[in-house]
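Structure first, commentary second.
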Amino acid sequence: MTGKSVGGFKRARPDASLRFDPEALGLREFPREFFRRDTTRVAQEILGAWFARRYRNEWFGARIVETEAYLGTVDAAAHSWRGRRTPRVEPMYQDGGHLYVFFVYGMHHCANVVTRPAGTAEAVLLRAAEGFAETPAKLLSGPGRLCAGLGITAEFSGFDLLSGGDLRLFKGSADNARIGTSRRIGVDYAGEASGWLLRFFIRDSPAVSGPARLNRQ
DNA sequence: CACATGATCGCCT
DNA sequence: GGCGATCATGTGG
């Protein structure tokens with residue numbers, strides 16, 4: 001038996017090209033109140049922020065370049081639609097700044113940052129991120145790849161990003177003029193909600209995922 | 001670039 | 001039992 005296992009998932013190592021030093025870059029964490037605000041705003045303002053993970057005392061991270069907002073009980077595309085509250089979805093009801101990670105299609109993980117105060121169930125899906133010069137542009141392009149590249153699995157669902165632990169979000173931003181908008185990807189089953197313009201991305205980033213026609217506006 | 005398909009399994013009804 | 005907040009690969013234009 002090798003490696004530590006929690007909740008059935010082996011701890012995965014982040015991609016080596018993502019190693020960095022948050023302290024040397026002078027990065028500061030977002031305060032709790034940043035995450036307790038309107039989910040759509042958080043989804044936009046989290047673009048450019050650093051999603052970072054500590055693994056064996058080394059930091060790995062990347063800048064978020066694509067997100068989607070999921071608006072809780074009234075959003076047919078959200079796991080919390082109609083107030084669904086099962087063990088899997090429970091982290092969505094936690095205070096802003098927690099993580100909600102789920103497993104889909106039998107092989108991929110998706111990571112969300114929970115928003116608004118405890119008791120609500122909204123979140124921002126992290127869809128893509130940019131690494132460094134030596135990082136392949138597509139390594140973190142798409143929610144599944146983003147989790148794979150950073151080694152994020154369901155063991156981190158419910159993790160508090162402001163606990164001073166191994167997963168954190170450091171401040172960073174993008175020019176409003178560079179932010180594009182579109183409907184969300186992969187939620188065609190959600191009726192009217194599938195057309196809501198809740199996907200945001202940094203236009204000129206090569207790491208943005210999705211079909212080209214959704215990346216124009 | 002668009003579209004189609006298979007892989008694969010935890011979660012919910 | 002059915003179906004995903006996905007991805008890689010294949011085809012065709």
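Sequence lines set the chain letters: A, B, ... in the order given, protein chains first and strands last, and positions in each chain run from 1.
Bracketed by its first and final contacts, the part of DNA chain C lying under 4.0 Å from non-hydrogen atoms of chain A reaches from C/dG4 to C/dA8 in 5' to 3' order.
Stem analysis of DNA chain C (at least three stacked-register Watson-Crick or G-U pairs, each with both distances under 3.5 Å) gives B:1-7 with C:6-12, B:9-12 with C:1-4.
Every pair passing side-chain hydrogen bond (donor to acceptor under 3.5 Å, both in side chains) that includes a residue from residues 134-145 of chain A is listed here, sequence neighbours excluded: A/S17-A/T135. Counting only residues at least two apart or in different chains, side-chain hydrogen bond (donor to acceptor under 3.5 Å, both in side chains) contacts with residues 207-217 of chain A comprise A/E66-A/S209, A/R127-A/S209, A/R199-A/N215.
Other residues, nucleotides and ligands contribute only 12 or fewer heavy atoms inside 6.0 Å of the CZ atom of A/R41.
Shown here are the side-chain contact (heavy atoms from CB on, under 4.5 Å) partners of A/T120, two or more places apart in sequence or in another chain: A/R116, A/P117. For A/A174, the side-chain contact (heavy atoms from CB on, under 4.5 Å) criterion is met by A/L47, A/I202, not counting sequence neighbours. By the ring pair (Phe, Tyr, Trp, His ring centres under 6.0 Å) test, A/W50 is found to be paired with A/F20, A/F132, residues two or more places apart in sequence or in another chain being considered. Considering only residues two or more places apart in sequence or on other chains, A/F30 meets the ring pair (Phe, Tyr, Trp, His ring centres under 6.0 Å) condition with A/F34, A/F35. Taking A/E130 as the reference, A/S205 meet the side chain to side chain donor-acceptor pair (under 3.5 Å) condition, with sequence neighbours excluded. Evaluation of the salt bridge (Lys or Arg N to Asp or Glu O under 4.0 Å) rule for A/R36 yields A/E33, A/D95 as partners, not counting sequence neighbours.
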Practice task
List the steps, then state whether ring-ring contact (aromatic ring centres under 6.0 Å, His included) holds for A/F102 with A/H79.
Solution key: CA-CA 10 Å; A/F102 63 92; A/H79 292 165; 4.5 Å; yes
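Contact annotation: A/T86 reaches the phosphate of B/dC12 (side-chain N/O to OP1 or OP2, under 4.0 Å).
Within residues 93-101 of chain A, no residue approaches DNA chain B, by heavy-atom distance under 4.0 Å. At a non-hydrogen distance threshold of 4.0 Å, A/A212, A/R213 from residues 200-217 of chain A come into contact with DNA chain B.
Put simply, OH on A/Y105 is 13 Å from C1' on B/dC9, counting in whole angstrom units.
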